[in-house]
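Worth knowing before you read on, the calculation uses all heavy atoms, side chains too, and leaves out hydrogens, waters and symmetry mates.
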Amino acid sequence: MQPHFAFSSSNPPIAVAANVKFAMDDIAAQFTQDTGMTVRLSYGSSGNFVSQIQHGAPFELLLSADEFYPNQLVKAGLTQDAGQIYAMGRLAVAASKGSSLVLDSQLLGVKALIESGKLKRFAIANPAHAPYGERAQQVLEKQGLWQAVEPYIILGENASQAAQFAVSGSTQGGIIPLSLVLTPNFERIGQYAAIDDALYQPIQQRMVLMKQASKTAVAFYHYMQTPVAQTILIKYGFHVPEAVLASETNHTLFAPEGGK
């Protein structure tokens, strides 16, 4: 039985953290198939999106890579409520097929490359406005590697760009979202190892609706909380809130209320 939504002709702009791109492309396509409604997805860094929204950008929904940035919008009174955690992100160390970097969950290969004097370029997203970059720095600090790696860091504007740098051969590797390596094309160009979750604080990804959100944006927000969307997120390496999967027979999640 497919969930029922009230149809709308709007095509609302939605801001999405770059680390969710591949999962979100699949979810948006399934949302359109199930409901007949469409959304316009823009991908980038969570911090930049928050700045744009605070300066009047017309995004109706933000799907952030963490909680810090959407909470800024909540505090500023720009959202309908505090929103929901829709996924828990994870990190991977990745490199191109020909890289000399040995990949492992504890970054022992990164340490060995440093000690051999052969580390030249290493990619992460910009910690100043990309949560996955901030967590990447946290992992390197936890392992006592940050000071040695920092001079060789190549910053991506967002997680997606950092992933491109990590596997393009222009760097020896990088720390990027696990979700960006669990894609059909990645195996052809790169290699990866999931990083031990204990090396960084949990990455709880929160979404928030803006006050002016349309019915379609509200419907998509609710759709993100369904087992259909959550199953896709799991496919791309995310952990998901257990309460959502347990609600598979509770179709109240599927009925968007409110909005304009």
Side-chain angles (χ1 to χ4, degrees), residues 17-23 45-47 63-71 84-95 99 101-116 119 122-150 152-156 158-160 162-163 165-167 171-183 186 190-207 230-246:
N19 76 291
V20 204
K21 174 176 169 45
F22 296 106
S45 71
S46 302
L63 292 117
S64 177
D66 73 346
E67 293 194 274
F68 173 77
Y69 288 110
N71 284 343
Q84 293 285 340
I85 293 171
Y86 65 95
M88 281 74 82
R90 301 166 67 194
L91 290 172
V93 56
S99 175
L101 176 62
V102 176
L103 305 178
D104 64 277
S105 66
Q106 301 290 321
L107 301 190
L108 298 178
V110 176
K111 182 179 180 181
L113 206 60
I114 293 168
E115 291 176 345
S116 70
L119 181 67
F122 192 81
I124 65 172
N126 192 333
H129 53 74
Y132 277 79
E134 186 272 331
R135 291 301 198 283
Q137 179 177 341
Q138 189 177 97
V139 169
L140 291 165
E141 290 174 343
K142 179 84 171 180
Q143 297 303 81
L145 301 175
W146 176 250
Q147 287 187 333
V149 172
E150 187 177 12
Y152 306 106
I153 290 290
I154 304 299
L155 294 178
N158 53 56
S160 182
F165 291 159
V167 301
T171 69
Q172 287 153 295
I175 296 176
I176 63 176
L178 180 64
S179 59
L180 297 184
V181 305
L182 298 179
T183 63
F186 182 85
Q191 54 184 324
Y192 77 93
I195 293 175
D196 186 344
D197 292 345
L199 297 182
Y200 54 95
Q201 292 177 333
I203 307 172
Q204 299 193 122
Q205 303 199 191
R206 183 172 291 272
M207 58 181 177
Q230 297 286 298
T231 299
I232 293 172
L233 288 166
I234 290 170
K235 171 187 171 183
Y236 284 96
F238 293 98
H239 294 312
V240 299
E242 293 180 6
V244 175
L245 291 178

Search all heavy atoms of [X] against all heavy atoms of [Y] and return the closest pair with its distance.
X: L199; Y: I195; answer: CD1-CG2, 4.0 Å
X: S45; Y: N158; answer: N-CB, 3.9 Å
X: Q191; Y: S99; answer: NE2-O, 4.3 Å
X: R206; Y: P70; answer: CB-CG, 3.8 Å
X: D197; Y: H239; answer: OD2-NE2, 3.9 Å
X: A23; Y: L233; answer: CB-CD2, 4.0 Å

Could you please spell out the steps behind the side chain to side chain contact (heavy atoms under 4.5 Å, CB included) verdict for E141 and Y200? CA-CA 10 Å; E141 290 174 343; Y200 54 95; over 6 Å; no
Checking the side chain of [X] only, and the main-chain atoms of [Y] only, is there a donor and an acceptor separated by less than 3.5 Å?
X: S160; Y: A18; answer: no
X: D196; Y: Q106; answer: no
X: Q230; Y: Y86; answer: yes

Would you say that [X] contacts [Y] through its side chain, given a criterion of any heavy-atom pair below 4.5 Å between the two side chains?
X: S179; Y: K21; result: no
X: Y236; Y: L180; result: no
X: I203; Y: F238; result: no
X: V20; Y: L63; result: no
X: I176; Y: Y132; result: no
X: I175; Y: F122; result: yes

Could you pull out all residues at least two apart from D66 that satisfy side-chain hydrogen bond (donor to acceptor under 3.5 Å, both in side chains)? S64
Distance in Å, [X] [atom1] paired with [Y] [atom2], rounded so as to fall on 0.5 Å steps:
X: I114; Y: Q147; atom1: CD1; atom2: CD; value: 11.0 Å
X: I124; Y: R135; atom1: CD1; atom2: CZ; value: 13.0 Å
X: Q172; Y: L101; atom1: CD; atom2: CG; value: 7.5 Å
X: E134; Y: N126; atom1: CD; atom2: CG; value: 11.5 Å

My understanding is that only residues two or more places apart in sequence, or in another chain, count here; which of them pass side chain to side chain contact (heavy atoms under 4.5 Å, CB included) with Y192? A92, A94, L178, V181, L182, F186
Determine whether Q201 and Q138 satisfy the following criterion, side chain to side chain contact (heavy atoms under 4.5 Å, CB included), listing intermediate values before the conclusion. CA-CA 8 Å; Q201 292 177 333; Q138 189 177 97; 3.5 Å; yes
